[in-house]
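On a predicted model such as this, the values are computed, not experimentally measured, just so you know.
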Amino acid sequence: MTVLGHPRSWSCQWLPFLMLLLSTGHEPRVEGVTHYKAGDPVILYVNKVGPYHNPQETYHYYQLPVCSPEKIRHKSLSLGEVLDGDRMAESLYEIRFRENVERRILCHMQLSPAQVEQLRQAIEELYYFEFVVDDLPLRGFVGYMEESGFLPHSHKIGLWTHLDFHLEFHGDRIIFANVSVRDVKPHSLDGLQPDESLGLTHTYSVHWSETSVERRSDRRRGDDGGFFPRTLEIHWLSIINSMVLVFLLVGFVAVILMRVLRNDLARYNLDEETTSAGSGDDFDQGDNGWKIIHTDVFRFPPYRGLLCAVLGVGAQFLALGTGIIVMALLGMFHVHRHGAINSAAILLYALTCCISGYVSSHFYRQIGGERWVWNIILTTSLFSVPFFLTWSVVNSVHWANGSTQALPATTILLLLTVWLLVGFPLTIIGGIFGKNNASPFDAPCRTKNIAREIPPQPWYKSTLIHMTVGGFLPFRYPPFILWPSLSGSCLQLFLSPLTLCTLT
């Protein structure tokens, strides 16, 4: 598609980092709702369009041949909204608080054959549009398509040229908004010649109604119908029940294993002076499995820096996920606040970099590492560098196709600035504290100076096969474990934890 206009408000992303912190918290007003007086203008922003079955592929609304103002003015967006692909711009719709409108003309258009074909392709791909009024999203389809027959296959295509806006208010606040084409007949695009132009007149209506609901969050789920299909329904009680059962079973298994391991480690820690050479041979005859190489289990790995970096990044993402879950439970992410989770994720990732630096440097110094500076650099680059390279390819594809999912240059520089001025320094500070607070590693059993020689293994016991099989099982069974929580099946609810315990 051809880009009709470039947003001019993206430079507003150069805000202080404090604004990023404030954007994820509560605002003084109630859920971001604006207070209106009768007759006050209500701005409706057009946002994006895209295929219904691929919501991640979005384009700016004005990239389609639709009614647009002569000078497009974009709304200032937060970081989370930009990351979510939002590109809001003011529209030609004139809406005033509590004032109904019937069949008002929006604009007259004369479409060229190329523009008609562009609309036809958008309708065939089931393009939807998204408007925003008072932080409430309004979604609908660009056109109408009816398919009939198999051989021969035929379909009818129509364009919606009239939209009905239904808004509900309580006092001086807008509670609900919706757009529909229920009693509207689409303008047919069939029968046009390839070189024939098309004249259109776009109209709209606005209907206001009072509701007894005082807050947007008090509306029952599903009152708006839900534009996108909901394939999963989460049952929180089932999830809690599954978690309790899993924790209990894993705890029982852990207690049994620890009692066995405690006895074995006590035997292995016997002083060499009290164990003769002959008794030492008898001592190892009854061992099997990992017990045969118990003197090599806690030997420091050759790539200790990589191991410590992986541990540090894993600890960081554990803290990041926990922080987002806690913020969600505290109600800091409102449904009608665009991009709040994205902003919180960027902020928490930058702030938790100190955790990755501390964990990595602490363990690195424990296992005898000396190049702690390179360890910190590896820790801070282990996730960010591969992620940046992958994102660069994806963003370039979005940019080449004119998608709103492509981040503007100012946002990219803002993210790099946050990482350079906040994330990287916190990683260094955490690494310094971890290095200074590290104590020598105390292994549960002694390690021999000379490593035990391991005989060559067959191909099915190679490292690659172990990685494949070991990685397949953890990613294979979570759907079966989570299925009862999502479907409410009581039988599978009790069988899944038992299956997990059996695998363990």
Under 3.5 Å donor-acceptor, Trp399 side chain and Ala406 backbone: no

Residue pair Asn375 / Ser361, side-chain donor-acceptor N/O under 3.5 Å: no

Ring centroid separation Trp208 to Phe97 under 6.0 Å: yes

Gln316 side-chain N/O to Tyr349 backbone N/O, donor-acceptor pair under 3.5 Å: yes

Centroid separation Phe169 to Tyr36 less than 6.0 Å: no

Geometric class of the His60/Tyr62 ring pair [parallel <30°, tilted 30-60°, perpendicular >60°]: tilted

Centroid separation Phe129 to Phe141 less than 6.0 Å: no

Whether Ser360 side chain and Cys308 backbone form a donor-acceptor pair below 3.5 Å: yes

Check: Glu125 side chain, Ala122 main-chain N or O, donor-acceptor pair, under 3.5 Å: no

Donor-acceptor contact present, side-chain Ser384 to main-chain Thr380, <3.5 Å: yes

Side-chain heavy atoms of Leu163 within contact of Tyr93, under 4.5 Å: yes

Donor-acceptor pair, side chain of Arg120 and main chain of Leu189, under 3.5 angstrom: yes

Steps toward side chain to side chain donor-acceptor pair (under 3.5 Å) verdict (Tyr128, Glu130): CA-CA 7 Å; Tyr128 74 96; Glu130 180 179 286; 5.3 Å; no

From CA spacing to verdict: salt bridge (charged side-chain N to carboxylate O under 4.0 Å, His left out), Lys75, Asp135: CA-CA 12 Å; Lys75 178 186 177 182; Asp135 290 336; 3.8 Å; yes

Sidechain-backbone polar pair: His187 side chain, Gly158 backbone, donor-acceptor under 3.5 Å: no

Trp160 side-chain N/O to Gly143 backbone N/O, donor-acceptor pair under 3.5 Å: yes

Side-chain donor-acceptor contact under 3.5 Å, Ser180 with His166: yes

Thr404 and Thr58 side chains, donor-acceptor separation under 3.5 Å: yes

Heavy-atom closest pair, residues Ile175 and Val213: CG1-O, 3.7 Å

Trp391 backbone acceptor or donor facing Asn395 side chain under 3.5 Å: no

Asn54 side chain vs Pro51 backbone, donor-acceptor pair below 3.5 Å: no

Side-chain touch Val132/Leu138, heavy atoms, less than 4.5 angstrom: no

His202 versus Thr161, side-chain donor and acceptor atoms under 3.5 Å: no

Parallel, tilted or perpendicular, as decided by the 30° and 60° cut-offs, for the rings of Tyr61 and Phe131: perpendicular

Heavy-atom side-chain proximity of Leu382 to Leu306 below 4.5 angstrom: yes

Side chain proximity check, Ser209 to His207, heavy atoms < 4.5 angstrom: no

Charged N-O contact under 4.0 Å between Lys48 and Asp86: yes

Side-chain H-bond candidate by donor/acceptor type, His162 with Asp164, under 3.5 Å: yes

Test item: side-chain donor near acceptor, Asp172 and His35, under 3.5 Å: yes

Polar side chain donor-acceptor pair, Gln110 to Ser197, under 3.5 angstrom: yes

Within 6.0 angstrom of Phe317 CZ, more than 12 heavy atoms from elsewhere: yes

Test item: Pro408 and Thr411 side chains (from C-beta on) under 4.5 Å apart, heavy atoms: yes

Any side-chain heavy-atom pair of Met327 and Ile324 under 4.5 Å: no

